[in-house]
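So you know, we letter chains A, B, ... as the sequences are listed, proteins then strands, and number each from 1.
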Amino acid sequence: MLDLKTIREHPQDVERALESRGGVESIQRLLVLDADRRRRVTAVEALKAERNKATEEIAQAKRRGENPTDEMARMRKLGDEIKEEDQKIAEVERAMETVLLHLPNLPHPSVPVGGPDDNQEVRRWGTPRSFSFEPKPHWEVGERLGILDFERAAKLAKSRFVVLWGAGARLERALTQFMLDLHTREHGYREVWVPHLVNAETMANTGQLPKFEEQLFKTLEPEGERAFYLIPTAEVPLTCLHGGEILKEHELPKRYVAFTPCYRREAGAAGQDTRGMIRQHQFDKVELVKLATPRTSYDELESMVKNAEEVLKRLELPYRIVLLATGDMGFAAAKTYDLEVWLPGQGKHREISSCSNCEAFQARRAGIRYRPAAPGKAEFVHTLNGSGLAVGRTLIAILENFQEADGSVTIPPALRPYMDGIDRILPASV
RNA sequence: GGAGGGGUGGCCGAGCGGUUGAAGGCGCCGGUCUUGAAAACCGGAAUCCCGCAAGGGAUCGGGGGUUCGAAUCCCUCCCCCUCCGCCA
């Protein structure tokens, strides 16, 4: 959520910033509502001041043993007027809230303006391996090994699900463990285990609701009970852990890492990545979240990207870093770097991590503040999140980058301790 | 699921129709004392909204009601705790 004061004081700047993100047309409407609200508030507060004064006088009269029935009757009428006007104000405020909840975050000045074509490659690491044969896409590699099974997953659920068998399932677990160990032991993140079902308020706090409900799986609860949402990323529960709290500056930055499955409807993605396990309704992810002061949040973003990169480096997977343009960023982000891993089976880079600084956008919704060390009022923290990494896509990258001519797949050395020391996956005998 | 108890400021906790924006404690900030620190003592400080300001308004889990007036009474929802039952 954007800060209303900023919109009121610099409407042109906000409109310009939103040009490539949508929502410009809402600003004028917001300003009209805001002016209306302020006019009404001023008026009704004058009435309340009068009531408070009269109430005090009545109290004193009563103490003197009098019974000021005329004054009490007058106040009864005034009270009704106040109630009516308060309701109108509440109505205006609800309208403003609705508009604000649908406005995306403002991009940081360093973000290129435009759409996906304006994304900027920041750096590359690693050299894509040259194959003596035509590298296959991961689904072919995996099915030949008997570790990826899309048909049975479709039988159990539907398309965009997968079953991992044997060494495939083991590889998924090994990757998860490897990533968690790296981030907790070497990068200073605290491991957290969180609910996978959250309430609507939590979803709204990180920006998934109200605008993107069609992307979420929702539980069906008995009449009168509130539904839960399946998390599309651990960013949601991790970021909201300190919702409504005031943290101390010396506690910041908070660095959290959690492993969770992620559930996404992928509405609107029909026809995209239908083969393989690039785009699934359920996938595992190791997620990094930080809460930081505004002063350090952009340094924290850079180090978060490095933390995610380190996973790819140790797994010897070539990648590149891309700074997303304004129009390609997520709703809550002010600045986002994507990590794209090289997939030889597809002959292109694909997103495997996305690291964002959301500044105060989510903190304002969730009410996450901190008290500065120097005397002063509590301020909103900045929230950051990034994948460290998407586990399924990492598995894909290994299958494609480490496939051999005989159909086997080499295990990257860094992962072998997590795979009982085996150095390759051979076709299973079922 | 059944029966009780409870949600108050950064935290703990008193208040249970008007003098309570709210006692007390802890923590925090400033000062006295001290070589320095601690302790002790003195003083200070809630948040948000409207307003150029003076000032005003709102806020005691959320919403609604009673009343001239509600942290205090009533209704409702949410959450937490204890005991019983059931259960991975």
Side-chain angles (χ1 to χ4, degrees), chain A residues 1-9 30-97 100-101 193-205 209 219 221-229 237 240-252 254 291 293 360 363-381:
Chain A
M1 189 148 63
L2 300 181
D3 178 31
L4 184 61
K5 246 187 231 150
T6 308
I7 296 174
R8 185 152 72 211
E9 286 163 17
L30 210 46
L31 291 175
V32 170
L33 288 169
D34 182 46
D36 186 36
R37 187 190 86 95
R38 289 199 285 168
R39 190 174 49 76
R40 289 178 185 279
V41 164
T42 306
V44 77
E45 282 185 357
L47 298 183
K48 286 181 181 175
E50 189 185 341
R51 178 179 65 183
N52 289 345
K53 203 169 133 226
T55 287
E56 182 54 35
E57 283 163 6
I58 290 169
Q60 282 175 16
K62 289 238 175 184
R63 254 175 258 134
R64 271 183 261 121
E66 299 165 14
N67 190 19
T69 48
D70 287 358
E71 188 67 351
M72 281 160 64
R74 195 168 73 84
M75 283 307 110
R76 200 181 342 249
K77 259 167 67 189
L78 186 64
D80 290 343
E81 253 179 83
I82 288 172
K83 190 183 288 180
E84 216 173 288
E85 192 53 30
D86 269 344
Q87 279 167 0
K88 279 185 195 152
I89 290 169
E91 213 172 285
V92 174
E93 285 177 345
R94 272 195 300 277
M96 293 173 72
E97 176 93 346
L100 279 170
L101 284 174
W193 190 90
V194 291
H196 304 350
L197 292 170
V198 300
N199 58 38
E201 189 191 348
T202 301
M203 279 296 180
N205 287 346
L209 290 177
T219 67
E221 295 300 307
E223 184 64 32
E225 291 187 34
R226 299 195 306 176
F228 295 103
Y229 293 86
C240 295
L241 279 171
H242 295 290
E245 296 180 21
I246 299 180
L247 306 166
K248 299 195 173 92
E249 179 164 7
H250 67 78
E251 296 178 273
L252 300 176
K254 297 261 189 203
L291 307 183
T293 66
R364 201 171 285 120
R365 292 187 179 206
I368 314 168
R369 293 176 293 170
Y370 76 100
R371 200 173 292 287
K377 334 179 155 191
E379 290 176 41
F380 291 114
V381 302

Could Asp80(A) and Arg76(A) be called an ion pair, given the rule that one side-chain N must be under 4.0 Å from one carboxylate O? no
Looking at side-chain heavy atoms only, is the closest gap between Lys248(A) and Tyr370(A) below 4.5 Å? no
Assign Arg364(A) to base, sugar-phosphate, or nothing according to its heavy-atom contacts below 4.0 angstrom with the strands shown. nothing
Taking every heavy atom of Leu33(A) against every heavy atom of Val92(A), the minimum-distance pair comes out as O-CG1, 3.5 Å
Can you sort out which residues in residues 35-43 of chain A have a heavy atom within less than 4.0 Å of RNA chain B? Ascending by number, please. Arg37(A), Arg38(A), Val41(A), Thr42(A)
For Lys88(A), is there an ion pair with Asp36(A) - N to carboxylate O distance below 4.0 angstrom? no
For G61(B) and C11(B), measure between their P atoms and round to the nearest Å. 13 Å
To the nearest 0.5 Å, what is the distance between CE (Met75(A)) and NZ (Lys53(A))? 9.5 Å
Pick the P atom in C49(B) and in C42(B), then give their distance to the nearest Å. 36 Å
Applying a 4.0 Å non-hydrogen cut-off, can you work out what Ala54(A) is touching in the nucleic acid: base, sugar-phosphate, or nothing? nothing
Classify Lys83(A) by what it touches in the nucleic acid, base, sugar-phosphate, or nothing, heavy-atom distance under 4.0 Å. sugar-phosphate
Please answer whether the main-chain N or O of Val194(A) pairs with a side-chain N or O of His196(A) as donor and acceptor at a distance below 3.5 Å. yes
Say you pick atom C1' in C16(B) and the same atom in U32(B); how far apart are they, in whole Å? 41 Å
Using a 4.0 Å cut-off to any heavy atom of chain A, which nucleotides of RNA chain B are the first and last in contact, reading 5' to 3'? G10(B) to G69(B)
Nucleic acid contacts - residues 58-70 of chain A versus RNA chain B, non-hydrogen atoms under 4.0 Å: Ile58(A), Ala59(A), Lys62(A), Arg63(A)
Exercise answer: donor-acceptor pairs, residues 55-62 of chain A side-chain atoms, under 3.5 Å, sequence neighbours excluded:
unit_1   : atom_1 : unit_2   : atom_2 : d
Thr55(A) : OG1    : Arg51(A) : O      : 3.0
Glu56(A) : OE2    : Gln60(A) : NE2    : 3.3

5'-most contact on RNA chain B (nearest-nucleotide basis), Lys53(A) vs Arg371(A), goes to Arg371(A)
Run Leu209(A) and Tyr229(A) through side-chain contact (heavy atoms from CB on, under 4.5 Å) and show every step you take. CA-CA 10 Å; Leu209(A) 290 177; Tyr229(A) 293 86; 3.8 Å; yes
Approximate separation, where rounding is to 0.5 Å, of Arg369(A) CZ and Glu245(A) CD: 11.0 Å
Please name all residues satisfying salt bridge (Lys or Arg N to Asp or Glu O under 4.0 Å) with Glu81(A), sequence neighbours left out, ordered by chain then number. none
Presence of salt bridge, Asp34(A) and Arg38(A), under 4.0 angstrom: yes
Under the salt bridge (Lys or Arg N to Asp or Glu O under 4.0 Å) test against Glu85(A), which residue among Arg39(A), Arg37(A), Arg40(A) passes? Arg40(A)
Indicate yes or no for a side-chain donor-acceptor contact from Arg226(A) to the backbone of Glu221(A) under 3.5 Å, with no hydrogens or angles considered. no
Heavy atoms only, 4.0 Å cut-off, all strands: where does Met75(A) land among base, sugar-phosphate and nothing? sugar-phosphate
As a test of your reading of the structure, name each stem of RNA chain B as range with range, where a stem is three or more consecutive Watson-Crick or G-U pairs at under 3.5 Å. B:1-7 with B:78-84, B:10-12 with B:24-26, B:28-32 with B:40-44, B:46-50 with B:55-59, B:61-65 with B:73-77
Measuring from Asn205(A):CG to Asn199(A):CG, what's the distance to the nearest 0.5 Å? 8.5 Å
Determine the Euclidean distance between corresponding C1' atoms of A22(B) and A58(B); express it in Å to zero decimal places. 15 Å
